[in-house]
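Each residue takes its place number in the sequence, starting with 1.
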Amino acid sequence: MAFYPLQIAGLVLGFFGMVGTVGTTLLPQWRVSAFIGSNIIIFEKIWEGLWMNCIQQARVTLQCKFYNSILALPPVLEAARALMCVAIALSLVALIIGICGMKQIQCTGSSERVKAYLLGTSGVLFILTGIFVLIPVSWTANIIIRDFYDPTIHAGQKRELGGALFLGWATTAVLFIGGGLLCGYCCCNRKKQWRRYPAPPYRVPQKDNQRKVPVPRKTSTSYV
């Protein structure tokens with residue numbers, strides 16, 4: 001099977017993208033406390049994630065607490081949770097489909113065309129996963145930046161971009177590159193098969209202009 005390194009690179013990047021998606025979902029550093037002012041002595045750091053918030057005091061103790069009520073959460077946080085859970089499910093399905101499309105896996109037969117379509121489907125799902133990760137990460141970053149420059153919000157309630165958001169952007173780039181490699185492999189495989197088995201040329205049907213000559217029949221005569 002040609003272009004074998006291309007599918008290997010796409011699946012490896014897809015795997016790292018899935019790990020990054022899980023890490024972005026679970027890490028609490030989506031929103032971190034902003035340090036505004038001239039005070040250089042900081043006794044407390046606040047981290048806010050999708051599932052919990054953490055408080056680090058004097059760089060010694062770290063206390064984390066899960067959100068008590070799901071219905072009491074802001075709509076933005078609920079939407080981000082749902083999109084990230086869908087992204088994890090899509091990345092897992094994409095990885096399984098991509099593994100089934102590998103050359104060494106015989107569960108789908110030995111047809112190169114079927115395996116190429118499986119890898120192409122895996123690439124599309126990885127790209128969709130990147131979109132589902134990019135939406136909540138960019139949405140949350142936009143809200144943080146908007147509130148940071150809002151003069152009506154108290155300085156103690158302002159937050160900065162956390163490390164989980166940067167991990168989400170890096171994961172999106174990895175998923176896009178991995179999905180693009182798998183889709184490119186599928187397209188290259190289709191072009192190769194088209195060149196190997198070109199379509200038969202179209203032939204114009206020819207009309208038979210020859211006239212049919214009647215064949216005389218033999219008649220039997222009787223003599224008396």
Trainee: What do the steps show when you test Met52 against Trp47 for side-chain contact (heavy atoms from CB on, under 4.5 Å), and what is the final call?
Mentor: CA-CA 8 Å; Met52 68 181 75; Trp47 299 339; over 6 Å; no
Trainee: Look at the side-chain heavy atoms of Ile, Leu, Val, Met, Phe, Trp and Tyr, link any pair under 4.5 Å apart, and say whether Val86 and Leu125 land in one connected group.
Mentor: yes
Trainee: When you group the ILVMFWY residues by side-chain heavy-atom contacts below 4.5 Å and let the links chain together, are Phe166 and Trp30 in the same group?
Mentor: yes
Trainee: If you compare all heavy atoms of Ala87 against all heavy atoms of Phe132, which two are closest, and at what distance to 0.1 Å?
Mentor: CB-CB, 3.9 Å
Trainee: Hydrophobic clustering (ILVMFWY, side-chain heavy atoms < 4.5 Å, transitive) - are Leu27 and Val32 grouped together?
Mentor: no
Trainee: Let me see the working for Ser138 and Thr140 under side-chain contact (heavy atoms from CB on, under 4.5 Å), right down to the final yes or no.
Mentor: CA-CA 5 Å; Ser138 300; Thr140 304; over 6 Å; no
Trainee: Please give me the minimum heavy-atom distance between Cys100 and Lys115, naming the atom from each residue.
Mentor: O-NZ, 3.8 Å
Trainee: When you look at Met84 and Val133, which way does the side-chain contact (heavy atoms from CB on, under 4.5 Å) test go after all the steps?
Mentor: CA-CA 6 Å; Met84 293 304 296; Val133 174; 4.3 Å; yes
Trainee: Quick check on the hydrophobic clustering: are Ile96 and Phe16 connected, directly or via other members, by side-chain heavy-atom contacts under 4.5 Å?
Mentor: yes
Trainee: Measuring only between side-chain heavy atoms, which start at C-beta, is Leu165 closer than 4.5 Å to Thr24?
Mentor: no
Trainee: Could you measure the distance from the CG atom of Leu6 to the CG atom of Leu182? Nearest 0.5 Å is fine.
Mentor: 7.5 Å
Trainee: Is there a side-chain contact between Val137 and Thr172 (heavy atoms, below 4.5 Å)?
Mentor: no
Trainee: For a quick test of reading the model, state the closest non-hydrogen atom pair linking Gly120 to Cys183 and the distance between them.
Mentor: O-SG, 3.9 Å
Trainee: How many angstroms lie between atom OG of Ser33 and atom CZ of Arg159, to the nearest 0.5 angstrom?
Mentor: 6.0 Å
Trainee: Check the surroundings of atom OH in Tyr67: do more than 12 heavy atoms from other residues, nucleotides or ligands lie under 6.0 Å from it?
Mentor: yes
Trainee: From Asn53 CG over to Lys65 NZ, what is the distance, rounded to the nearest 0.5 angstrom?
Mentor: 7.5 Å
Trainee: Can you name the nearest heavy-atom pair linking Ser91 to Phe126, along with the distance?
Mentor: O-CE2, 3.8 Å
Trainee: Please say which of Thr129, Ile131, Leu134 ends up in a side chain to side chain contact (heavy atoms under 4.5 Å, CB included) with Leu175.
Mentor: Thr129
Trainee: Within a strict 4.5 Å, meaning less than it, do heavy atoms of the Ile97 and Val93 side chains meet?
Mentor: yes
Trainee: Ignoring hydrogens, what is the shortest heavy-atom contact between Leu181 and Ala9? Give both atom names and the distance.
Mentor: CD1-CB, 3.9 Å
Trainee: With rounding to the nearest 0.5 Å, note down the distance linking CG in Leu161 to CZ in Phe148.
Mentor: 9.5 Å
Trainee: Can you find a pair of side-chain heavy atoms, one from Asp147 and one from Lys158, that are under 4.5 Å apart?
Mentor: no
Trainee: Where is the tightest heavy-atom contact between Leu119 and Gln7, given as atom of each residue plus distance?
Mentor: CD1-OE1, 3.1 Å
Trainee: Passes side-chain contact (heavy atoms from CB on, under 4.5 Å), Ile55 versus Leu62? Steps please.
Mentor: CA-CA 6 Å; Ile55 299 177; Leu62 180 64; over 6 Å; no
Trainee: I need the Leu83 CG to Leu50 CG distance, nearest 0.5 Å.
Mentor: 10.0 Å
Trainee: Should Leu73 and Ile46 be counted in the same cluster of Ile, Leu, Val, Met, Phe, Trp and Tyr side chains packed under 4.5 Å apart?
Mentor: no
Trainee: Supply the atom-to-atom distance Leu77 CG to Arg31 CZ, rounded to the nearest 0.5 angstrom.
Mentor: 9.0 Å
Trainee: Just by distance, do the side chain of Ser122 and the backbone of Ala94 share a donor-acceptor pair under 3.5 Å?
Mentor: yes
